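Working notes for the structure below.
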Amino acid sequence: MIRFLLLFAVFLSLQCSVLGVLQDKIPTPEFSFESLRIKQITMTDITLGVETSVTNPYPVSLPSSLLDMDLKIEGMKLSQVKTDLGVIEAKKTKTLPLELKLKYTDLIQLYQKFPTKPMLEVSAEGNMKVAIPKQWQYLGKDSLSFPFVQKKEIPAVYPDVEIRNFKILMPTQSEILSASNSDTLASSATQFLGGLLGGSKTSATSAAKAGLSGLNLNLKTEFDFVFANKAASALNLTDLQYNLQLAGENFLNGAPKEIVNSGKESTVKVVSQFPIASIGTSLYKTIQTKEAMYQLKGNSGFLVPSLRENIPFSYEKKGKFQW
């Protein structure tokens, strides 16, 4: 009996050794969590980009790979992702790029909980389950699981923008004379501009009828775009582009030369000009009444020094302002 037990033990030991050698030689799929990054910031949300990949070492296709992931910020679960990579072809690596939007309406509670914390920890925690083809299954395993945790910091951001210090400057008499080809045209231009910028409806209306087609004169304008962050992170803008409409008409667009970043506020100094000939009826009334419905949109970079990243920032806002 003892001899039998010894032989049985030797047999089990040999079997386990053989299985161990076979297991070491059997290729297994590989999972990689490539990156977790901020793809874009807008006025309503932050978009995170997640990159994962699965490598299939077999000469046959993998039937599926299931990703189950929780997204947390400072330990608070905000969303869950469950998705299938689908079929992964033989001897190929398949990537799975995901976009996750974090809306500020969902982040406000976090911002209130950490009112002075400029950077918040976001973590992607979960598991990738990869199915194994039948002919490559061993020890009863039909799949492999790859748990993962990936962390990154994101800025506490809740941006807003408003227009301040708006003004349209009255040209000097010498500038009007220089842009006119006759004293009559210069007189009509002076009357028109007096009504437009001075608020005199009678003089502006009569001057508008006089015809200023021969006048090559630009009006100068100055104003500030003030971007403010209502959360805790500093607001550092770079390479800003803007398009401003007033009363439904295109007013100005371009790239300002000066951006003053000061803590949670960035002031964009705009000094520009536009031709009188571009003033339509709606814009004419808007300038005259010094009150405008506006639409502002554009793109910029959002520089986060602690992350060494310049994140794309797209903004758009509609509203009303007076000057």
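Small disclaimer: the values here were computed from a predicted structure and weren't measured. Residues take their numbers from the sequence shown, with the count starting at 1.
- A side-chain donor-acceptor contact under 3.5 Å links Lys290 to the backbone of Leu197.
- Around CD of Gln135, the count of heavy atoms belonging to other residues, nucleotides or ligands within 6.0 Å exceeds 12.
- Under a cut-off of 6.0 angstrom, the local environment of NZ in Lys117 is crowded, with over 12 non-hydrogen atoms contributed by other residues, nucleotides or ligands.
- Note on ring orientation: taking the six-membered ring where Trp is involved, the planes of Phe148 and Phe31 are tilted (angle from 30° to 60°).
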Does Val81 form a side-chain contact (heavy atoms from CB on, under 4.5 Å) with Leu98? I'd like the steps, not just the answer.
CA-CA 9 Å; Val81 177; Leu98 296 173; 3.9 Å; yes
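- Here the straight-line distance linking atom OG of Ser123 with atom CG of Leu36 works out to 8.5 Å at 0.5 Å rounding.
- Residues Met119 and Ile154 fail the side-chain proximity criterion, which asks for heavy atoms closer than 4.5 Å.
- A side-chain hydrogen bond (donor to acceptor under 3.5 Å, both in side chains) check over residues 313-323, counting only residues at least two apart or in different chains, returns the pairs Gln40-Ser314, Asp160-Lys317, Glu291-Lys320, Glu291-Gln322, Gln295-Glu316, Asn299-Ser314.
- Taking the six-membered ring where the residue is Trp, Phe321 and Tyr294 present perpendicular rings, their angle passing 60° and hence far from 30°.
- From Met76, atom CE reaches atom CG of Leu71 across 12.5 Å, with rounding to the nearest 0.5 Å.
- In plain terms, the two heavy atoms of Gln150 and Ser35 that are nearest each other are NE2-CA, 4.2 Å.
- In this structure, the side chain of Asp45 does not engage the main chain of Thr105 through any donor-acceptor pair within 3.5 Å.
- Thr267 has its side chain within reach of Lys269: a pair of non-hydrogen atoms, C-beta onward, lies under 4.5 Å apart.
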Decide side-chain hydrogen bond (donor to acceptor under 3.5 Å, both in side chains) for Ser300 and Gln241; before the verdict, give the C-alpha distance in whole Å, the side-chain angles of both, and the deciding distance to 0.1 Å.
CA-CA 6 Å; Ser300 174; Gln241 302 280 338; over 6 Å; no
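- Atom-to-atom distance recorded for Leu219:CG and Ile287:CD1 is 7.0 Å, nearest 0.5 angstrom.
- Cluster annotation: Val260 and Phe166 are assigned to distinct hydrophobic clusters (Ile/Leu/Val/Met/Phe/Trp/Tyr, side-chain heavy-atom contacts under 4.5 Å, transitive).
- Side-chain atoms of Ile38 and Leu48, non-hydrogen and from C-beta on, do get closer than 4.5 Å to each other.
- Considering only residues two or more places apart in sequence or on other chains, Asn218 meets the side chain to side chain contact (heavy atoms under 4.5 Å, CB included) condition with Gln273, Pro275.
- Of all heavy-atom pairs spanning Ser282 and Ala247, the tightest one is CB-O, 3.7 Å.
- One finds the OG1 atom of Thr221 at 9.5 Å from the NZ atom of Lys167 (value rounded to the nearest 0.5 Å).
- The existence of a salt bridge linking Glu125 and Lys72 is confirmed by a sub-4.0 Å separation between a basic side-chain nitrogen and an acidic carboxylate oxygen.
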Checking Leu78 against Val122 for the side-chain contact (heavy atoms from CB on, under 4.5 Å) test, could you report, in this order, the C-alpha distance in whole Å, the side-chain angles of both residues, the deciding distance, and whether it holds?
CA-CA 10 Å; Leu78 288 182; Val122 56; over 6 Å; no
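- Using a 4.5 Å cut-off between side-chain heavy atoms of Ile, Leu, Val, Met, Phe, Trp and Tyr, with links allowed through other members, Ile259 and Tyr242 fall into the same hydrophobic cluster.
- Remark: Ser187 engages no residue in a side chain to side chain contact (heavy atoms under 4.5 Å, CB included) (not counting sequence neighbours).
- Distance alone, capped at 3.5 Å, is enough to place a donor-acceptor pair between the Ser180 side chain and the Ile176 backbone.
- Residue Val270 is grouped with residue Ile168 when hydrophobic side chains (ILVMFWY) are merged at heavy-atom distances under 4.5 angstrom, including chains of intermediate members.
- Contact check for Trp136 versus Thr28: no side-chain heavy atoms found under the 4.5 Å cut-off.
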Evaluate the side-chain hydrogen bond (donor to acceptor under 3.5 Å, both in side chains) criterion for residues Lys101 and Thr47: first the C-alpha distance (whole Å), next the side-chain angles of each, then the deciding distance (0.1 Å), finally the verdict.
CA-CA 4 Å; Lys101 288 189 182 294; Thr47 300; 3.0 Å; yes
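- Interatomic distance, CZ of Phe313 versus CD1 of Ile41, reported as 7.5 Å (0.5 Å rounding).
- For the pair Asn243 and Asn250, the minimum side-chain heavy-atom distance is below 4.5 Å.
- Judged as a side-chain hydrogen bond (donor to acceptor under 3.5 Å, both in side chains), the pairs with a partner in residues 84-93 (not counting sequence neighbours) are, in order, Thr55-Thr93, Glu89-Lys92.
- Side-chain heavy atoms closer than 4.5 Å link hydrophobic residues (I, L, V, M, F, W, Y) into clusters, and following such links, even through other members, never connects Leu303 to Leu240.
- The two residues Pro155 and Ile46 come nearest to each other via the heavy atoms O-CD1, 4.2 Å.
- A 6.0 Å sphere centred on NZ of Lys151 holds no more than 12 heavy atoms belonging to other residues, nucleotides or ligands.
- Under the 4.5 Å side-chain criterion, counting only non-hydrogen atoms from C-beta, Leu85 is not in contact with Leu67.
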Going through the checks in order, is the side-chain contact (heavy atoms from CB on, under 4.5 Å) test met by Met69 and Leu100?
CA-CA 11 Å; Met69 181 178 70; Leu100 304 173; 4.0 Å; yes
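- Taking a 6.0 Å sphere around NZ of Lys94, one finds it holds more than 12 heavy atoms contributed by other residues, nucleotides or ligands.
- Side-chain atoms of Lys297 and Gln245, non-hydrogen and from C-beta on, never get closer than 4.5 Å to each other.
- Separation of atoms OG (Ser32) and CG (Leu96) is listed at 12.0 Å; rounding is to 0.5 Å.
- Leu66 and Leu62 are assigned to two separate hydrophobic clusters, defined by single-linkage of ILVMFWY side chains at heavy-atom distances under 4.5 Å.
- Tyr284 places none of its side-chain heavy atoms less than 4.5 Å from the side chain of Ile276.
- Counting only residues at least two apart or on different chains, the ring pair (Phe, Tyr, Trp, His ring centres under 6.0 Å) pairs with a member in residues 97-127 are Tyr104-Tyr158.
- A donor-acceptor pair under 3.5 Å is formed between the side chain of Glu74 and the backbone N or O of Glu121.
- Residues Ala232 and Pro115 come closest through the heavy atom pair CB-O, 3.4 Å.
- Remark: the backbone N or O of Leu246 is not paired with any side-chain donor or acceptor of Glu249 at under 3.5 angstrom.
- Between Glu175 and Lys220 a salt bridge is recorded (basic side-chain N to carboxylate O distance below 4.0 Å).
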Would Val54 and Met128 count as a side-chain contact (heavy atoms from CB on, under 4.5 Å) here? Give the steps.
CA-CA 9 Å; Val54 176; Met128 174 68 83; 4.0 Å; yes
For a salt bridge (charged side-chain N to carboxylate O under 4.0 Å, His left out) check, start with the C-alpha distance between Asp224 and Arg164, then their side-chain angles and the critical distance, and finish with the verdict.
CA-CA 5 Å; Asp224 299 332; Arg164 297 181 190 170; over 6 Å; no
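- Put simply, the side chain of Ser145 never gets that close to the backbone of Lys129: no donor and acceptor are under 3.5 Å apart.
- Screening residues 255-264 for side-chain hydrogen bond (donor to acceptor under 3.5 Å, both in side chains), with sequence neighbours left out, gives Asn261-Ser266.
- When atom types are taken as modelled, the side chain of Thr42 and the backbone of Thr44 share a donor-acceptor pair closer than 3.5 angstrom.
- Judged by distance alone, with hydrogens and angles left aside, the side-chain atoms of Asp68 form no donor-acceptor pair with the main-chain N or O of Gly126 at under 3.5 Å.
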